[in-house]
There are 2 protein chains.
Amino acid sequence: MADLERSAAKEKFLNFLEQKNLRITNQRRAIVETVFSTDQHFTAEQLLEWSRKRDSSVSRATVYRTLPLLTESGLVHEMDFGKDYKIYDPNYADHPNHNHIICDDCDKIVEFESERLETLENEISQNLGFTVKSQQLRINASCEDMKKLGACNKKGH
Amino acid sequence: MADLERSAAKEKFLNFLEQKNLRITNQRRAIVETVFSTDQHFTAEQLLEWSRKRDSSVSRATVYRTLPLLTESGLVHEMDFGKDYKIYDPNYADHPNHNHIICDDCDKIVEFESERLETLENEISQNLGFTVKSQQLRINASCEDMKKLGACNKKGH
DNA sequence: TTTGCTAATGAGACTCGATCTCAAGTCACA
DNA sequence: TGTGACTTGAGATCGAGTCTCATTAGCAAA
């Protein structure tokens with residue numbers, strides 16, 4: 001993410017808080033700066049760890065309370081990859097319709113967008129009497145690297 | 001599901017157990033009969049409750065131990081709808097590539113299949129260097145009924 | 001049948017991500 | 001500076017899912 005986009009996202013979130021008459025606290029600032037200083041997908045626990053490096057007073061509760069605000073503001077996307085924890089994506093504002101392929105062997109995640117896919121989704125939904133609010137296509141796959149390795153050194157994290 | 005399909009699925013699962021040198025116990029029988037006597041999506045907890053009506057000795061642990069066998073056999077599909085529990089679909093064997101639209105207002109779930117969608121998914125994955133293992137498209141939407149009602153009597157469960 | 005091996009079981013402890021509670025702190029505005 | 005509502009951190013709690021372990025029960029061979 002370019003520096004400009006980062007600060008724009010941060011700015012948007014602070015405006016979002018103001019609009020909702022919510023306070024801009026040091027803890028929220030630390031969390032938001034953390035979120036928009038990375039391109040990476042992250043878990044709540046990771047966000048806590050990273051945010052504490054900026055402000056050691058940030059607590060788990062505040063992270064879990066801020067995350068819904070971030071998704072509600074439309075700047076961050078909450079995702080489910082079939083793991084037992086949620087994954088958050090800070091690139092949502094720039095690419096609101098992107099999808100994910102995840103390699104089951106090495107957990108690599110690749111994002112992609114497809115206009116054809118969107119069109120098709122809307123078409124199908126309409127035929128079934130629905131109006132699309134959001135969509136999430138998740139493809140579980142195995143990547144080339146893993147095929148080369150024979151997927152022998154799996155799950156290195 | 002037609003009666004024939006039901007007993008066919010049950011039969012397939014018992015064969016699956018045999019192939020893996022696993023035993024056919026009363027508890028497993030009760031669970032499998034429960035699964036293939038409904039078309040409905042269900043949670044692990046629901047499956048426990050229903051199975052206990054057939055055999056009160058069925059325990060939570062056994063349900064949770066049997067579920068992975070059912071998905072491994074390819075007869076049941078495990079799904080994630082962004083809730084904090086998993087949902088299982090007993091119609092998988094007959095429609096292995098179906099997708100879901102969920103009405104955010106009334107939790108109605110509609111299944112659909114689309115060859116065009118599958119083709120597109122495979123094409124995209126290949127271009128990105130992945131081989132598809134499974135895919136899950138989830139569309140969150142609002143349905144006609146809810147639009148008519150103005151979504152005023154939401155979440156009736 | 002009986003026997004013996006071993007998979008399978010139930011009860012309940014446990015894990016862990018996520019949420020809730022509540023007393024204390026802090027922000028904004030008068 | 002005072003007031004009241006919003007936020008906070010610590011830790012209790014929740015709940016889905018997993019694990020442990022002593023006991024039970026398939027099932028194949030005798």
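Since the structure is predicted, the reported quantities are computational estimates derived from the model, not experimental observations. Side chains included, hydrogens not; waters and symmetry mates left out as well; all remaining heavy atoms used. Order of the sequence lines fixes the chain letters, A, B, ..., with proteins taken first and strands second; residue numbering starts at 1 for each chain.
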Give the rounded distance in Å between these two atoms: [atom1] of [X] and [atom2] of [N].
| X | N | atom1 | atom2 | answer |
| --- | --- | --- | --- | --- |
| K86(B) | dG17(C) | NZ | P | 14 Å |
| L47(B) | dA16(D) | CG | P | 14 Å |
| D80(B) | dG17(C) | CG | P | 16 Å |
| K83(A) | dG17(D) | NZ | P | 16 Å |
| L67(A) | dG17(C) | CG | C1' | 12 Å |
| D84(B) | dC16(C) | CG | P | 18 Å |
| Q46(B) | dA16(D) | CD | P | 11 Å |
| R60(A) | dA10(D) | CZ | P | 10 Å |

Exercise for the section: Rounded to the nearest 0.5 Å, what's the gap from CG on N26(A) to CG on D55(A)? Could you check? Expected result: 6.0 Å
Practice task
Can you measure from CG (L48(A)) to OG1 (T62(A)) and round to the nearest 0.5 angstrom?
Solution key: 9.5 Å
Handout entry: Along DNA chain C (nearest heavy atom to each residue), the more 5'-positioned of P68(A) and T62(B)
Key =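 Result: T62(B).
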Exercise for the section: For R28(B), answer base if it contacts any base atom (sugar-phosphate contacts may also be present), sugar-phosphate if it contacts only those atoms, and nothing otherwise; contact means non-hydrogen atoms under 4.0 Å. Expected result: sugar-phosphate
Problem - Distance-only polar pair, side chains of S37(B) and R54(B), donor-acceptor under 3.5 Å - result: yes
Exercise for the section: Compute whether any side-chain donor of one residue and acceptor of the other, for R138(B) and N140(B), lie under 3.5 angstrom apart. Expected result: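 Checked: R138(B)/N140(B) side chains pair up, N/O donor to acceptor below 3.5 Å.
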If you check every side-chain atom of [X], which of [options] has the closest atom?
| X | options | result |
| --- | --- | --- |
| R65(A) | dG11(D), dA16(D), dT8(D) | dT8(D) |
| Y85(A) | dG26(D), dG12(C), dG17(C) | dG17(C) |
| R52(B) | dA11(C), dG26(D), dT21(C) | dA11(C) |
| L22(B) | dA7(C), dA18(C), dT7(D) | dA7(C) |

Detail all sub-3.5 Å separations between protein N/O atoms and N/O atoms belonging to nucleotides 1-4 of chain C.
none

Contact under 4.0 Å: [X] side-chain N or O vs [N] OP1/OP2:
| X | N | answer |
| --- | --- | --- |
| T25(A) | dC27(C) | no |
| Y64(A) | dA18(C) | yes |
| N26(B) | dG26(D) | yes |

Problem - Near-ring test F112(A)/H100(A), centroid separation under 6.0 angstrom - result: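 No, too far apart.
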Exercise for the section: Determine, stepwise, if the pair R116(B) / E123(A) fulfils salt bridge (Lys or Arg N to Asp or Glu O under 4.0 Å). Expected result: CA-CA 12 Å; R116(B) 281 166 63 202; E123(A) 197 180 298; 3.1 Å; yes
Handout entry: Partner of D89(B) under side chain to side chain donor-acceptor pair (under 3.5 Å), chosen from Q40(B), H41(B), H77(B)
Key = H41(B)
Handout entry: Contact nearer the 5' end of DNA chain D, comparing T43(B) with I24(A)
Key =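 On the 5' side of the pair lies I24(A).
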Problem - Distance-only donor-acceptor test, R23(A) side-chain atoms vs dC6(D) base atoms, 3.5 Å - result: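 Flag set: donor-acceptor pair detected.
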Exercise for the section: Hey, can you tell me if F42(A) and Y88(A) have their rings parallel, tilted or perpendicular (30° and 60° cut-offs)? Expected result: parallel
